Every structure is written in structure tokens, then in C-alpha cells.
Protein chains: 2
Amino acid sequence: MTAEVAGLSRLERRKAETRAEIIDAAFTCFAEQGYHATGIADIAARLGIGHGTFYRYFENKRDIVEHVVDDLIGRIVEALGADNAPDAVSTLEDYRAQTERIGTVLARIFDEDPRMAQLLVSAIGIDDAMRDRMLELFEATTPITGAYLAHGVRLGYLRADLDVEATAFAINGMILGSLLAALRDPSPERQARLSAGIRAVMYDGIAAR
Amino acid sequence: MTAEVAGLSRLERRKAETRAEIIDAAFTCFAEQGYHATGIADIAARLGIGHGTFYRYFENKRDIVEHVVDDLIGRIVEALGADNAPDAVSTLEDYRAQTERIGTVLARIFDEDPRMAQLLVSAIGIDDAMRDRMLELFEATTPITGAYLAHGVRLGYLRADLDVEATAFAINGMILGSLLAALRDPSPERQARLSAGIRAVMYDGIAAR
DNA sequence: GAAGAAACGGAATGGAATGTCAGTTTCGGA
DNA sequence: TCCGAAACTGACATTCCATTCCGTTTCTTC
């Protein structure tokens, strides 16, 4: 019997590798041309494999886009999760610094690979189910931001009368806006400026003092 | 010669009417099923006309969606334009009231006809050109909000150090967020709460005083 | 009310994209 | 080296739609 690592034969490892390659190629195609304009043949051609082979790895077009999106969301969550937890902060200054850090991470993610933002946005138009999924993803970010806010209210460095959910929504809306802006002008300078603008609104409001 | 009103024969008026009916039917179909899932036959069937007839009024599928989107944007701009101009405001209280008014108008537009929001969102997925157009539409709102802000800075009731463009972007991001929220839960209560949350962030910031 | 013009409708066409399958190649094991 | 199994391939059948086309109906005008 040949050597096996983690219970996977060489063949199985090769298959997993091809699978990942297909996901990656599909990711690129979908991001570049959009879901509907991409054919299975395009994805296969990019890898130099016959498009029949595609069907040995994925059920159909819908199946692959599902995996591509999962993969993408996983990567984003991982990149953000590397940051601190909500309760690692105890003063307004800490929080402000953390907001800035998160903004920087987000900007870098989408700056390094603009296809990510493009895919996320164009995924909205795939079909009803995927649109709902994207909206759910957006809504799912509310409790996360909300957790930071609730923590701050509890410790007293954020306003006691904050409507945590509504505020979390508003903040995430601003972030979404800057993500959309990045689609059209991804320059880090612009991102930094928008990010600073968001923080200014958050911490100081817009009214004169 | 028969009577003509405004230079239009009866026939011409009838044609214009049919055209408008087609735009309306297409609007409904696109909003309900999405662009790609809608066939020309669906649009024609909704009006009880043969789908060959469609092509007597519009070049092709792309042509109709263009008109549908134009029509939609026109209606939104009109509804908002009914409100006051940026320089009709001179105090923070005025401005706050106007913000609230605008929020209410927006909420009502999308509450009365949720298809509007659905179409705007799903238009993103039609193709590259339409996605760009939607992003442009979003960006085009920045100078409008910016004009209000600049006016307020000039009159001194908004912070002198405001980065007008970045702030306008942030505010519009929050509005976009609540629009997306409306897609999943269009209840007026929720909208009102989010709208209030946005105003709270804008005017008071989130930090404790 | 007749004739010509314009509008209508839906069967037919063309093309594109998906998914299948039978023949071919590759690969691991003995 | 050889064998059998598994993977690969791309031509093909199928489906689905946008668009066209022409025979039929409706309208206008005299």
C-alpha cells in the first residue's frame, strides 16, 4: 500500500486540487464577465480542460457558483476574524483604533483582489435565492457590529440611549457604500478618505459644536 | 383631416399609450422575476398582446430594460425634487427636519411600490453596463447630499472641518443600507426606526457625551 | 363602403448554452 | 510490462429564447 497522508490517496488529493482550481477559475470568470455571461465552457477553457470534465466535479452551474460564494465569504470572515473580539476593547480610544483597523483590513481585502467586491455585487443578480443570500449576508453583519456597540454602551463609552440595532445597520450601510465606491475607484487614497469620513460621522456627528 | 391635439393623431396617442403599457408590464415582470428570468413572451402575455408586437415598440430586450430603468429613476428624482432646495434651510433644526422629511418621502416611495427597490437592486446583475449605471446613480447622489452639507458648513450650523464629499458618501451609504433592509422587511415601523437611527448617528455621533 | 396602409400575432428561425455519453487516455498496482 | 479502473474529452442532443417574417386583422381616409 502506498503512503497516505491524512487518509487521502494521491488521487484524492489531486481531485481536491482540481476542484479548488475549478472554483478559482469560476471565481475569476464570474467576477470578470458576470454570472450569466459566463458559460461552463469559459471556465473549462481557462483551465485548459474539456468542459465535460467540469461535470465530474460539480453538478451544474448553480452548484459551482454556490461553492464560489461560500469560498469567498469564508475568506472574508477569516480575514476579519483575525481581528480582536468585541470585548477586547474598553475605552472610546480603543474602539476608535479598532474601527480604524477593521476599516484598513476591509480596504486591503478588496484592494488586493477587486474581483471579490465585483463578485459579491454581481451575485445579487444571479437569481432570487442568491439575492436573498447576499441580503442575508449584509443583515448578518448587523449583530456583529451590534455586539461592539452593545459592549461600548455597557462600559459607558458609547451613548446610553443608542438604538444598537439601528445604529449597527447605519454603520454597516456606510461600509457598504464605501465598498461600492471601491468598485468604481479602488484607489487606497479614496478608500482612506471615505473611511475617515465614516469615522468622523460616527464619533463626532456632523453638527457644529 | 381629423382633430389633432398637440400635433398627435389618435393613432400616435394610442401608440404612446401602448408603449407606456409595455414599459409598465416589463417593469413588473423584471421586478418580480428578475431580468434574466423574464422572457419577452412574459411581458407580452401580461398585456395580452402577441410577443411579435413587442418588437414594433422596442428594439430588443436590452432596449426595454433601458427604458424601464430610465422611467424608474425619473419617478424617484421627481418625487425627491418636490422637496426643498439645499439653500431653503438655515438652521440645524431646519436641516434636521428636512432630513426627516426626505427620509419619509423615500420610505413612502419604496413602501408604496416595493417593486422599485427590487428592480433597482436586480438591475445590478443585468450586465456590466447596467451595473455601472446603477453605481453611477449611487455616486450621483453624493453631490446632492453634498450640496446640503456644504450649505450647512457655509452657514455655520455644520462642523467647519467636515469632509463634505466623504461625509455625503457615508450618509448615502446609510440610506442605501436602509433601502436594502426594506427589501427584506418593508414594515414602516422598521424603516422609521432605521431612519431615526441614521439621524441619531448623523447629528449626535455614537460617543457618550 | 372600398382600398390602401399600418398594426398585429404567433409560427418559424437561428443561435447559444447546458448537460450527456461513448470512445480514448492516463494511472496505479502487480 | 501489462491490465483494469478511473478520469477525461468534445461531439451531440436538447432546450430555451430572442428575434424575424409574413399572412391576417384593424384602422383611416376618401
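In this text, all values refer to a predicted model and were calculated from it rather than measured experimentally. The figures that follow rest on heavy atoms only: side chains count, while hydrogens, waters and symmetry mates do not. Order of the sequence lines fixes the chain letters, A, B, ..., with proteins taken first and strands second; residue numbering starts at 1 for each chain.
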If I take atom [atom1] in residue [X] and atom [atom2] in nucleotide [N], what distance separates them, rounded to the nearest angstrom?
| X | N | atom1 | atom2 | result |
| --- | --- | --- | --- | --- |
| A/Asn60 | D/dT14 | CG | C1' | 16 Å |
| B/Phe54 | D/dA18 | CZ | C1' | 10 Å |
| B/Glu21 | C/dC8 | CD | P | 11 Å |
| B/Arg19 | C/dC8 | CZ | P | 13 Å |
| A/Ile64 | C/dA17 | CD1 | P | 18 Å |
| A/Arg13 | C/dG28 | CZ | P | 11 Å |
| A/Leu47 | D/dA7 | CG | P | 18 Å |

The side chain of [X] lies closest to which of these nucleotides: [options]?
| X | options | result |
| --- | --- | --- |
| B/His51 | C/dT18, D/dT9, C/dG10 | C/dG10 |
| A/Tyr55 | C/dT20, D/dT9, C/dG9 | C/dT20 |
| A/Lys15 | C/dG19, D/dA7, D/dT9 | D/dA7 |

ask   = Can the positive tip of A/Arg75 be found less than 6.0 Å from the middle of the six-membered ring of A/Phe27, inside 45° of the ring normal?
value =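 The answer is yes; both the distance and angle limits are met.
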task = Name the orientation class of the two ring planes belonging to B/Tyr148 and B/Tyr95 (parallel below 30°, tilted from 30 to 60°, perpendicular beyond 60°).
result =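 B/Tyr148 vs B/Tyr95 ring planes: parallel.
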message = Check whether B/Arg190 reaches the backbone of B/Ala182 with its side chain - one donor and one acceptor, N or O, closer than 3.5 Å.
response =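 A pair under 3.5 Å: no.
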query = Would you say B/His151's side chain and B/Val89's backbone share a donor-acceptor pair under 3.5 angstrom?
reply =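 It does hold such a pair.
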inquiry  = So that I can tick it off, tell me whether A/Asp70 and A/Arg133 are bridged by a salt bridge, with the cut-off set at under 4.0 angstrom between side-chain N and carboxylate O.
reply    =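 So A/Arg133 pairs with A/Asp70 through a salt bridge.
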Strand-adjacent residues in residues 35-45 of chain B, judged by heavy atoms under 4.0 Å from DNA chain D =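 Output list: B/Thr38, B/Gly39, B/Ile40.
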Any A/Arg56 side-chain nitrogen or oxygen under 4.0 Å from OP1 or OP2 of D/dA7 =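 Result: yes.
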key: Contact under 4.0 Å: B/Thr53 side-chain N or O vs C/dA7 OP1/OP2   =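 Negative; the distance criterion is not met.
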query = Do A/Arg108 and A/Thr104 have a side chain donor and acceptor closer than 3.5 Å?
reply =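 Not at all, the side chains of A/Arg108 and A/Thr104 share no donor-acceptor pair under 3.5 Å.
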inquiry  = Taking salt bridge (Lys or Arg N to Asp or Glu O under 4.0 Å) as the cut-off, I'd like each qualifying pair that reaches into residues 39-56 of chain B, sequence neighbours left out, listed once.
reply    =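 Qualifying pairs, neighbours excluded: B/Glu32-B/Arg46.
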message = Applying a 4.0 Å non-hydrogen cut-off, can you work out what B/Tyr57 is touching in the nucleic acid: base, sugar-phosphate, or nothing?
response =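 Sugar-phosphate, backbone atoms only, no base.
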